[in-house]
Amino acid sequence: MRLALFQPAIPQNVGACIRLSACFGVELHVIEPTGFRLDDRAMKRAALDYGPLGHMVRHADWDAFQRDRGAGRLVLFTTKGAEPLTDFRFQPDDTLLFGSEPSGAPDQVHAAADARVLIPLKPGARSLNLAVSAGIACWEWTRQVG
């Protein structure tokens, strides 16, 4: 499993996802451009004591990510998802993709996804924080796949 963030805009979410990927032992892919400066010093600070950032891969843009991401399904988590997380079955080589915080994922990303998944919320709730959603997805993948 891989965790991927499409053009994240909030550095604290990337920091939380760095820790999440370190704790779950999965690669984190950051698809640029980001809404903040993404340099080694900032990322080392965000990673706190979680060690080297060898588990983080940066991609210059969507095309570079698509070219380099490797085998497996692209599973997009979205508020416009077609399948609830409670019904979705993960596979070992899935890439779990999350859209940008303010705008989600554009049409081209939706079109490229092999699956679109929705985390069910109570009626009237708009969405969860990006890092919270990623944590839920990583945990559920781990529960199902191991």
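This chain uses plain numbering: 1 for the first residue, then up along the sequence. The figures that follow rest on heavy atoms only: side chains count, while hydrogens, waters and symmetry mates do not.
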Please check: side-chain N/O of R58 versus main-chain N/O of E32, any donor-acceptor pairing under 3.5 Å?
no

Tell me whether V145 is reachable from L28 by hopping between hydrophobic residues (I, L, V, M, F, W, Y) whose side-chain heavy atoms are closer than 4.5 Å.
yes

D61 side chain vs D63 backbone, donor-acceptor pair below 3.5 Å:
yes

In Å and rounded to the nearest 0.5 Å, what is the NE2 to CZ distance from H55 to F24?
12.5 Å

Working for side-chain contact (heavy atoms from CB on, under 4.5 Å), residues L85 and I136:
CA-CA 10 Å; L85 177 61; I136 290 169; 3.7 Å; yes

Distance in Å, F36 CZ paired with Q12 CD, rounded so as to fall on 0.5 Å steps
8.5 Å

Shortest non-hydrogen contact from F88 to Q144?
O-NE2, 3.0 Å

Does the side-chain contact (heavy atoms from CB on, under 4.5 Å) test come out yes or no for I10 and N129, once each step is laid out?
CA-CA 10 Å; I10 301 172; N129 170 279; 6.0 Å; no

Got a second to check how far R126's CZ is from L121's CG, nearest 0.5 Å?
11.0 Å

Looking only at heavy atoms, the pair that brings A105 and H110 closest together is O-CD2, 3.2 Å

Common cluster, L20/V117, ILVMFWY with side-chain heavy-atom separation under 4.5 Å
yes

Looking at every non-hydrogen atom in both residues, tell me the closest pair between Q66 and A112 and how far apart they are.
NE2-CB, 3.6 Å

I need the minimum non-hydrogen distance between L130 and G99, along with the two atoms involved.
CD1-O, 3.9 Å

Rounded distance (nearest 0.5 Å) linking atom CG of D87 with atom CZ of R89:
7.0 Å

At what distance, to the nearest 0.5 angstrom, does OG of S133 lie from CD1 of I119?
4.0 Å

Side-chain touch V26/L96, heavy atoms, less than 4.5 angstrom:
no

State plainly whether one hydrophobic cluster holds both F6 and V30, where clusters connect Ile, Leu, Val, Met, Phe, Trp and Tyr through side-chain heavy atoms under 4.5 angstrom apart.
no

Of all heavy-atom pairs between A134 and L3, which one has the smallest distance, and what is that distance?
CB-CD1, 4.0 Å

For E101 and A9, indicate whether the former's side chain and the latter's backbone hold a donor-acceptor pair under 3.5 Å.
yes

What's the separation between atom CG in N13 and atom CG in L5, rounded to the nearest 0.5 Å?
8.0 Å

Does the plane of the ring in F65 sit parallel, tilted or perpendicular to the ring in H29? Use 30° and 60° as the thresholds.
perpendicular

In terms of heavy-atom contacts, R69 and R2 come closest through O-NE, 3.3 Å

Could you check whether any side-chain N or O of Q91 sits under 3.5 Å from a backbone N or O of R73, counting only pairs where one atom can act as donor and the other as acceptor?
no

Taken in chain and number order and not counting sequence neighbours, the residues that satisfy ring pair (Phe, Tyr, Trp, His ring centres under 6.0 Å) with F98 are F77

V75 reachable from W62 in the ILVMFWY side-chain graph, under 4.5 Å edges:
no

Within-4.5 Å side-chain heavy-atom neighbours: F90 and M1
no

